[in-house]
There are 2 protein chains.
Amino acid sequence: MATVSRVVNNNPNVKPQTRKKVFEAIERLGYRPNAVARGLASKKTTTVGVVIPDISNSIFAEIARGIEDIANMYHYNIILCNADKRKEKEIRVINTLLEKQVDGLLFMGGTVTEEHIQAFQTSAVPIVLCATRDEKGTYPSVDIDHETAAFDAVNTLIRHGHREIAMISGTLQDPANGYARFHGYKKALEAAGIEYQEDLVRIGNYRYESGVEAMKYFLGLKKKPTAIFAATDEMAIGAIHSIQDEGLKVPDDFSIISVDNIRMASMVRPLLTTVAQPMYDLGAVAMRLLTKLMKKETVENPRVILPHETILRLSVNHVNK
Amino acid sequence: MATVSRVVNNNPNVKPQTRKKVFEAIERLGYRPNAVARGLASKKTTTVGVVIPDISNSIFAEIARGIEDIANMYHYNIILCNADKRKEKEIRVINTLLEKQVDGLLFMGGTVTEEHIQAFQTSAVPIVLCATRDEKGTYPSVDIDHETAAFDAVNTLIRHGHREIAMISGTLQDPANGYARFHGYKKALEAAGIEYQEDLVRIGNYRYESGVEAMKYFLGLKKKPTAIFAATDEMAIGAIHSIQDEGLKVPDDFSIISVDNIRMASMVRPLLTTVAQPMYDLGAVAMRLLTKLMKKETVENPRVILPHETILRLSVNHVNK
DNA sequence: GAGCTACATCGTAAATGGTTACCGTCAAAT
DNA sequence: ATTTGACGGTAACCATTTACGATGTAGCTC
């Protein structure tokens, strides 16, 4: 038994000849190692748990691909759980993942509440947050700086001469895509000495349709904005179509910018100018960080902020006087 | 130990009072059942393996969501593996999934070759094919009828008076999205007495850019088609933009139809007319089928074909004479 | 009231399929 | 002959499930 274990695990203390015999027997018998028994004995499962809001959302799908690629590279498998940003579902899957003895946990979700922290604390294995953070900053995380990304987006509008800038925001309850991006918008206005006007911001739900709706509202205003900052590409594309459906043009009549850079941003007319968030890398870096933690390597900076980048395409123009 | 096992597993043979005591001890000790040990003893892991071509592809992401929802409903977890339709990677992940003692396997991939079959045959647990089939028909599967879907698409073009119908196809090596859809196109032409013309079909790679390219080619023809059938929505959208970039209009100058009905199809102008394939349901039904197989329930028809549906939107018009 | 049966409840121990510490053996080198 | 290192085998261990047996109690019969 021990010898078989050694050859299967590539332990060098086996004579080449007997190693060969073992391999032959493995082949002949169709033996397949049982990872569950192995996991029980070794206390390692080479699988990590991934809790994700919604795999059918292209942003998270892209992140997930980054996660899986790196996991695969280090010979881990991933157990994927959709939790729809619902707290009690998140807590539930964290617990079942921990029961399954995952070697590590990668968490993407909505707000990280006190209850999340409590669940995390029962874990004997490392946890890293991806595309979220706990405000206390006690857990390793990989994210972008949403506020600055939003600031940069609004700022490129300002640099193009716009001063009547509306925003299609997400819910302010959401700390990352919602509040932080909204706050970046406000700060950019402030830095440029532009007064914040409440009726120039509408709250959407990140999706296309809500972008369409929000834009309809702006189109109905007596004093219309000249540019729109949308918190997500999807809402921005909704806004573009809303404008086009009225016979108006982007960017001639309205400039549009957003943040995300989903694939679709370069599959619309006009091509969408947006602040790119490196989705694949968010996943890849988070997973890489987790592998280090699982190997108990010490990591210099466990809270990484990935850079964003403004991608100038065709939906932003200089304002027409 | 046995009693604890009984209360944890809801076995009725425990006095309510001792059940209570056990729960208290569990609470007090922070005991969490070890699913690995449980799996070893019970020979069940309540996890299923899912091999998928690419989770960042929105079609598969949508299918995966269907899979996970139903899995979750039946208290299974899923291990997700991207295999990029590459045979040796597919075989490899099948084997590691089987080593991990998954209770069932859900396979989505490219062609199901003889080697796949051999790998499948070493499995002690049920396997269902999703969005693929083995031509022998020996394994349970859930799919749509790609050929008829394509036939229907081309036929709605024909019913709108078109007779010069080009196709942007996928590779003919791919049995489902490629060959079957191409074959449906040919059959529809044939049924309408339209001669098949080789220079009216271009091979793409399913992606947006290849749709753009293919359309450029058609635009350069002396005798241009009046309508285009694209094998996928993405290529169709590429074609639309290719047309619009030349200052031409859809559907006035060209009618466009495709098959898939990805979310993006209703996020472009004009809204894309397409034959919808029920992606979420493909995953959900496949997983439901797998749960039945895992429970050793007998299933009436293990090879299910889900219906497709032509969704008339705005990219198809009657031909201009 | 004694004895018996049936049943509910609970504990014991084997089994699950590996890993690994430890020890023994053997051959080669000193 | 002794030491050393390579190699291989034994058995404990991992945390459960589960078959089986033990125990106790209630109800019944006579």
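Quick caveat: nothing in here was measured; it's all calculated off a predicted structure.
The side chain of Ser42(B) places no N or O atom within less than 4.0 Å of a non-bridging phosphate oxygen (OP1 or OP2) of dT17(D). Taking only side-chain nitrogens and oxygens, Thr18(B) comes nearer than 4.0 Å to OP1 or OP2 of dC10(C).
Atoms CG (Leu29(A)) and C1' (dG18(C)) sit 16 Å apart, rounded to a whole Å. Lys15(A) has its NZ atom 16 Å from the P atom of dT25(C), to the nearest Å. Atom-to-atom, NZ of Lys43(A) to P of dG18(C) comes out at 18 Å; the value is rounded to the nearest Å. Lys44(B) has its NZ atom 17 Å from the P atom of dT16(D), to the nearest Å. We find that CG of Asn11(B) is positioned 16 Å from P of dT16(D), with the value rounded to whole Å.
Nearest to the side-chain atoms of Ala41(B) among the listed nucleotides dA19(D), dT16(C), dT19(C) stands dT16(C). Minimum atom distance to the side chain of Pro16(A) is reached by dC7(D), of the listed dG17(C), dC7(D), dT17(D). Checking dT17(D), dT9(C), dT16(C) against every side-chain atom of Asn9(B), the shortest atom distance belongs to dT17(D). Nearest to the side-chain atoms of Leu40(B) among the listed nucleotides dA12(D), dG8(D), dG17(C) stands dG17(C). The Arg38(B) side chain lies nearest to dT16(D) when the options are dT16(D), dG8(D), dT20(C). Here the side chain of Asn34(A) is nearest to one of dC14(D), dG18(C), dT12(C), namely dG18(C). The listed nucleotides are dA14(C), dT9(C), dT19(C); the one nearest the side chain of Asn13(B) is dT9(C). Considering only side-chain atoms of Met1(B), the nucleotide from dT9(C), dT17(D), dG17(C) that sits closest is dT17(D).
More than 12 heavy atoms of other residues, nucleotides or ligands sit less than 6.0 Å from atom OH of Tyr280(B). Heavy-atom contacts from other residues, nucleotides or ligands closer than 6.0 Å to NZ of Lys87(B) number 12 or fewer.
Heavy atoms of Thr3(A) sit under 4.0 angstrom from primed sugar atoms or phosphate atoms, though from no base atom. At the heavy-atom level, Arg19(A) lies nowhere under 4.0 Å from the strands shown. Residue contacts for Val8(A): at a heavy-atom cut-off of 4.0 Å it reaches no nucleic acid atom on any strand shown. No contact: Val36(B) has no heavy atom under 4.0 Å from any strand.
Applying the side chain to side chain contact (heavy atoms under 4.5 Å, CB included) test between Phe23(B) and each of Glu27(B), Lys20(B), Arg19(B) identifies Arg19(B) as the sole match. Each of Ile67(A), Ile78(A), Leu97(A), Leu105(A) was evaluated against Val48(A); a single residue qualifies, Ile78(A), per the side chain to side chain contact (heavy atoms under 4.5 Å, CB included) test.
Arg181(A) and Asn177(A) share a side-chain donor-acceptor pair at under 3.5 Å. Side-chain atoms of Asn57(A) and Tyr206(A) include no donor-acceptor pair closer than 3.5 Å. Using modelled atom types, one finds a donor on one side chain and an acceptor on the other under 3.5 Å when comparing Thr122(A) with Arg32(B).
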Could you list the protein-to-nucleotides 20-26 of chain D atom pairs, N/O on both sides, closer than 3.5 Å?
none

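Ion pairing between a basic and an acidic side chain is recognised when a charged N comes within 4.0 Å of a carboxylate O; Lys295(B) and Asp103(B) show no such pairing.
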